[in-house]
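I have placed the structure first, in the form of structure tokens, so that the comments after it can refer back to it.
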Amino acid sequence: MTKLDPIALDEQARAILRANDRGGYTVPTAGLYPYQWNWDSAFAAWGFATFDVTRAWDEVETLFSGQWPNGMVPHILFHRPDPGYFPGPDVWGAEDVGPVPSSGISQPAVAATFIRAIWEKDRAAGAAHLKTLFPKIKAWHRWFMEWREQDGMIFVSHPWEAGRDNCADWDSAMARLDPVGVGEYTRRDTSHVNPAMRPTKADYDRYIWLVQRGRRMGWDEAQMAVDRPFRVADPTLSFILLRANRDLAVMADALGEDRREIDEWTARLEAGAARLKNPETGIFDAIDLGDGRHTGHVTSASFLCWYAGVEDAKTLAALEKCFETTRYGVPSLSVQSPEFDGMRYWRGPTWAIINTLIGLGLADMGHHGHAERVRQMTRALIADHGFAEYFHPQTGDPAGGGTFTWTAAVWLAWASPSQGEN
Ligand code: GLC
């Protein structure tokens, strides 16, 4: 039974954001993730905006302070060295490419959507911030369209770029990689949390091999694009950028900026979204661009269509089925999948942030009952099991890092009863 004390939980969530605050940016959780992560920060900013709008703007501005000259906003900014994390700046070898030492790949573009939400909370306070950020966000979205788009779908060049590190969607493309010469290295993640909750060594060898390849090429996109060994069209990146472009266009109007280029991106991504629909299952999934095949996996990203403004009856039916079979959905891999593993990272567990995006999309598209269901599940999950990184979708057991920034942030901005109903 849920022992819900909303006031105490709101307090705890704010305390987590404050404790993970490193001055202008928050770490996802102390120890396991000691730097600034891209999409984590966008969620953090949205959470901060519920009680400190100024701090929310700081968070996104610090994120964009790491933007590369080519427009890319890195997935990790290594503001201060921390020996407890691997792979750190010395492995990425991108210290001199951008203004802040960073990784060489990006992450799902949720920032524009949450920047819009923060600005709408207080337009007068946000006007100057928005004006400065707008061209930066646009340059980042353009980078995606230039270097990560194919047939209107956005692909990942490294599993970490989707934010769903070891998801089953990458398996076929990962199997084709031969991580020869990757050498010896010491993982740090498995000393912070139980290795059974983390990606395997076979996965890690390939992650590092891809990083080494980018580093050899000086992270030059033109060079890397010639013969990419790993390319998977991804519903996370595609749906999220589609939504972000719509939000960016609204902000362009408010600023009196030209929105035509953004609208062209939106149209391309709308066409691409239709291609992500697997003709055999009728569900949106990933496409391994190495062989053109749909991966066939029903993941939580399959349910991001509404977030992107894409309606789909079959997916709604699949969501209803998920409500029946999964106590604390939406799982990162369907509980019916033979590959389902309820505790191993993106191969089964439920993530509150993905639920939030699914819920926001459902509400926007008028599916208020479904949206409320996703919200109630997420609310119960956090109220009963804490602000963990992720959770077992059947038992609710918390896993990964504890006192997690983005779980606290989405509690404050969306899951908490203090946010009202959809
Ligand atoms: C993991 C997650 C990724 C997240 C990061 C920090 O790598 O897969 O989505 O951004 O941790 O929380």
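Both counts, for ligands and for their atoms, begin at 1 and track the order of listing. All values reported here derive from a predicted model rather than from experimental measurement. As a basis for the values below, the full set of heavy atoms in this structure was taken, side chains included, without hydrogen atoms, waters or symmetry mates.
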Please state whether the rings of F78 and Y35 are parallel, tilted or perpendicular, taking 30° and 60° as the class boundaries.
perpendicular
Determine the interplanar angle of the W37 and Y85 rings, folded into 0 to 90°, and report it as parallel if under 30°, tilted if 30 to 60°, perpendicular if over 60°.
perpendicular
Whether S302 side chain and D285 backbone form a donor-acceptor pair below 3.5 Å:
no
Applying side chain to side chain donor-acceptor pair (under 3.5 Å) to S238 and not counting sequence neighbours gives none
For ligand 1, the residues whose heavy atoms come within less than 4.0 Å (ordered by chain, then number)
P28, Y33, W37, W39, D40, Q107, G163, D165, Y345, W346, F404, W406
Is there a donor-acceptor pair closer than 3.5 Å between any side-chain N or O of H158 and the backbone N or O of Y207?
yes
Parallel, tilted or perpendicular: ring planes of F404 versus W406, cut at 30 and 60 degrees
tilted
